[in-house]
Amino acid sequence: MPVMDEFREEREAMKQKSFKERFSYFCEYYKWHVIGGVALAALAVSLIHSVVTRKEWAFYGAFVNSYQTPEYDAFRDDFADLAGIDQDKFDVLFDTNMFISESAFDQGNVDATERLMVYIAAGDVDVMASGPLVMNRYAYNEMFLDLRQVLPQEMQDQLEPYYYYMDATLAAELDARQESGALNTAPQYPAAPSDPESMDNPVPVGLYIQNCPRIKEAFVFQEEDVILGVMGNAENLDTILALIRMIYEF
C-alpha cells in the first residue's frame, strides 16, 4: 500500500479514538520531535536576548586564579560609583573565571590562557591581577605598562613601596632567546621582584595589593602575594586610577 494511503487510513482511525488515546499516540510518536523543536526555539530566543540586551564593558579586570566573596557586589558597585560608570548602560566586570597554572597543561588551563590572550589582543582587558607565578609570564612578555606612565607623581610617591618590578634587561634577553629558539627551559625570574636593587634595569609594572582591605574583603586568591598590573593597550586610564585609589583608600 502506498505510504500516503497508509497515512490517510491512520489519520482516519485516529479520529475515532478518544482524546486520551490520541494523546498517548502523540506522546509515543511525536514527543521527542516537539521537545527538540521547543529546545531549539528556546536556545534561539536566549541567544537573541543575550545579543540584544548585552551591555558594553566600561571596565574589565582579569583576576586570575581567584574567587569572589559575598562582598564582591559591593566592591564592584563602589568602584562603578567612584569611576562614574552607569551600570544600567555599561558592564563592570572583575572576571574570576580564569584559572591558569604554570605547571599543569590540562584543557581548562589552555582554554583560560587562550581566552585571556584573545581579550588582551582585543583591547578589552584594563587590568590584570594574580600571583607572581602568572604575573611574571605576562610581565616578561612586556604586557604591562610602566606605572610611571600611568600614575601621577603624587601617587608614584605614595605607592612606590608597593611596586612590583620586572627587569627590562632580562626581558630583552628572554625575547632574544625565544626568537632564536634557544629558550627551551622555564625562565628564571628574579627571586625578589619587589627589590629594584637586585635588577639591572628595573621597571615598575605592578602593585602588590594582597594587604589592601577592599581586595581581601571581595576576593580570595590562590597565592599569598597578589599583583595588579595595567595592560599595555589599556585605554581607560582615568578609570584605572579610580580603581587604584579605591583599593589603597586614598
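None of these values were measured; they are calculated from a predicted model.
How far CG of Asp111 is from CD1 of Ile100: 10.5 Å, rounded to the nearest 0.5 Å. Atom OG1 of Thr113 and atom CZ of Arg137 lie 5.0 Å apart (nearest 0.5 Å). Note: Ile85 CD1 to Phe79 CZ = 4.5 Å, rounded to the nearest 0.5 Å. Ile227 contributes atom CD1, which lies 5.5 Å from atom CE of Met135 (distance to the nearest 0.5 angstrom). Taking OH from Tyr164 and CG from Asn136, the interatomic distance works out to 3.5 Å, rounded to the nearest 0.5 Å.
Tyr67 meets the ring pair (Phe, Tyr, Trp, His ring centres under 6.0 Å) test with Phe99; sequence neighbours excluded. Listed by chain and number, the residues in a side-chain contact (heavy atoms from CB on, under 4.5 Å) with Asp86 are Asp88, Lys89 (sequence neighbours excluded). For Phe63, the ring pair (Phe, Tyr, Trp, His ring centres under 6.0 Å) partners two or more places apart in sequence, or in a different chain, are Phe94, Phe219, Phe221.
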Derivation of the side chain to side chain contact (heavy atoms under 4.5 Å, CB included) call for Val230 and Leu237: CA-CA 9 Å; Val230 179; Leu237 295 184; 4.3 Å; yes
Full working for side chain to side chain contact (heavy atoms under 4.5 Å, CB included) between Met155 and Val150: CA-CA 10 Å; Met155 291 182 70; Val150 178; over 6 Å; no
Evaluation steps, side chain to side chain contact (heavy atoms under 4.5 Å, CB included), between Tyr138 and Met231: CA-CA 10 Å; Tyr138 291 87; Met231 304 314 302; 5.6 Å; no
Derivation and outcome, side chain to side chain contact (heavy atoms under 4.5 Å, CB included), residues Phe250 and Leu159: CA-CA 11 Å; Phe250 60 78; Leu159 294 173; 3.8 Å; yes
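Val92 and Ala80 make their closest contact through CG2-CB, 4.2 Å (heavy atoms, listed as atom of the first residue, atom of the second, distance). In plain terms, the two heavy atoms of Ala129 and Val226 that are nearest each other are CB-CG1, 4.5 Å.
Judged as a side chain to side chain donor-acceptor pair (under 3.5 Å), not a single pair has a partner in residues 239-250 (not counting sequence neighbours). Residue pairs meeting the salt bridge (charged side-chain N to carboxylate O under 4.0 Å, His left out) criterion with at least one partner in residues 201-220, sequence neighbours excluded, are Asp78-Arg214, Arg214-Glu217. The side chain to side chain donor-acceptor pair (under 3.5 Å) pairs that include a residue from residues 140-150 are Asp146-Arg148, where partners are two or more places apart or lie in different chains. Pairs engaging residues 153-168 under the salt bridge (charged side-chain N to carboxylate O under 4.0 Å, His left out) rule: none recorded [sequence neighbours left out]. Sequence neighbours left out, not one pair with a member in residues 220-241 passes salt bridge (charged side-chain N to carboxylate O under 4.0 Å, His left out). The stretch residues 61-76 participates, sequence neighbours left out, in these salt bridge (charged side-chain N to carboxylate O under 4.0 Å, His left out) pairs: Asp73-Arg76. Every pair passing side chain to side chain donor-acceptor pair (under 3.5 Å) that includes a residue from residues 114-131 is listed here, sequence neighbours excluded: Asp95-Arg115, Asp126-Asn236.
Side-chain contact between Phe144 and Leu228 is absent, with no heavy atoms from C-beta onward closer than 4.5 Å. Within the 4.5 Å cutoff, no side-chain heavy atoms of Met143 are placed close to those of Met166. Between Leu151 and Ile244 the shortest side-chain heavy-atom distance falls below 4.5 Å.
Put simply, Met246 and Phe90 are part of the same group of oily side chains (I, L, V, M, F, W, Y) that touch within less than 4.5 Å, one to the next. In this structure, Val220 is not a member of the same hydrophobic cluster as Ile215, with clusters built from ILVMFWY side-chain heavy atoms closer than 4.5 Å.
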Review item, side-chain donor-acceptor pairs of residues 194-209, under 3.5 Å, at least two apart:
unit_1	atom_1	unit_2	atom_2	d
Asp195	OD1	Glu197	N	3.1
Ser198	OG	Asp195	O	2.7
Asp200	OD2	Thr169	OG1	2.5

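The 12-atom threshold is not exceeded at OH of Tyr162, counting heavy atoms of other residues, nucleotides or ligands nearer than 6.0 Å.
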